[in-house]
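Ligands are counted one by one from 1 in listed order, and the atoms in each one are counted from 1 as well.
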Amino acid sequence: MSQVTFVGAGPGDPELITLKGVKAIEAAEVIIYAGSLVNPEILRYAPVNAQIHNSASMTLEQVLQVIEAAVSQGHKVARVHTGDPSIYGAIQEQMDALKQKNITYTVIPGVSSFLAAAASLRREYTLPGVSQTIILTRKEGRTPVPERESLAELAKHGATMGIFLSVQDIDQVMAELSTGYPADTPVAVVYKASWPEEAIVRGSLADIAAKVASAGISKTALILVGGFLGNDYARSLLYHPGFSHEFRESSQ
Ligand code: SAH
């Protein structure tokens, strides 16, 4: 087992973490979790005497200090991130620093919030005849977004879009998207997918901002955009009786 395990904790529901993720937390003497978004319920898997740190109030340097101190005492560390750590997880800088310090690490993926949101919405992102592409993005905040990835630019594709970290600016997001998507394009905002307080607001490009404002949602939500939220789509060929593939002969 490596000295540090990065664990994707999933979107919130403590049962939406992988078995491997639970085992890594159970085996850790030191746990550092991203307390701004990780459900503290996840800590129910921690050993009673584990040392627990909330990284919400820590700098990268402080996180690394805690890891180094633990590793030097032969302790195992679980570094717990929300959803999947590869999406807006600031995990790369941690992995690169550990590599430099010759500290071994592994990464256990998690259920990203955009996947939990689709489950809550009971929708498929990749409907035949609607879109076969999912764009995951964000509006720029303190972290800049390259100009070629502006929302207006991405909207030109008309693809299914999942927008993180941006619900506080939903007016502006909709204004930028309207250069590419028609005004009646369906939009859903999912607040705290998989948490007990989950809420869903549905509307269109034209009216979702007002609905989200009156619902009082200003953080921890995803904006999902596209025809996948509508009812028109083509049937999939994968399960079509007239279509054969490697695992099934055509029955027509
Ligand atoms: N790594 C995380 C994303 C971290 S960025 C993941 O894979 O989900 C933080 C943003 O993710 C939030 O601003 C919000 O847009 C989204 N988010 C995280 N958890 C969420 C949840 N349970 N429901 C809705 N959005 C969520």
Within-cut-off N or O pair, [X] and ligand 1, under 3.5 Å:
| X | value |
| --- | --- |
| Ile163 | no |
| Pro11 | yes |
| Pro85 | no |
| Tyr191 | no |
| Ile87 | yes |

Those atoms of ligand 1 less than 4.0 Å from some heavy atom in [X]:
| X | value |
| --- | --- |
| Asp84 | 1 (N), 6 (C), 7 (O) |
| Tyr88 | 4 (C), 5 (S) |
| Ala193 | 21 (C), 22 (N), 23 (N), 24 (C) |
| Val190 | 24 (C) |
| Leu37 | 9 (C) |
| Gly83 | 6 (C), 7 (O), 8 (O) |

Counting non-hydrogen protein atoms only, what is the nearest one to [atom]? Give residue, atom name and distance.
| atom | answer |
| --- | --- |
| atom 8 (O) of ligand 1 | Ser113 OG, 2.7 Å |
| atom 2 (C) of ligand 1 | Thr82 O, 3.4 Å |
| atom 7 (O) of ligand 1 | Ser112 OG, 2.8 Å |
| atom 11 (O) of ligand 1 | Phe164 CD2, 3.4 Å |

| Side chain or backbone of Trp195 under 4.0 Å from ligand 1, or both, or neither, by non-hydrogen atoms? | side chain
| message | Check the orientation of Phe6 and His81. Use parallel for under 30°, tilted for 30 to 60°, and perpendicular for over 60°. | response | tilted
How far apart are the closest heavy atoms of [X] and [Y], and which atoms are they?
| X | Y | value |
| --- | --- | --- |
| Arg202 | Lys211 | O-NZ, 3.0 Å |
| Ala159 | Ile135 | CB-CD1, 4.0 Å |
| Leu165 | Arg138 | CD1-NH1, 3.5 Å |
| Ile42 | Ala9 | CD1-O, 3.7 Å |

Could you check whether [Y] and [X], counting side-chain N and O atoms only, form a donor-acceptor pair closer than 3.5 Å?
| X | Y | result |
| --- | --- | --- |
| Glu198 | Ser120 | yes |
| Gln168 | Ser218 | no |
| Glu124 | Thr126 | yes |

Applying the 4.5 Å side-chain criterion to the ILVMFWY set and letting contacts propagate, would [X] and [Y] be lumped into a single cluster?
| X | Y | result |
| --- | --- | --- |
| Leu64 | Ile103 | yes |
| Val111 | Val107 | no |
| Val187 | Leu121 | no |

| task | Say whether Ala221 and ligand 1 are in contact under the criterion: heavy-atom distance to a ligand atom below 4.0 Å. | result | yes
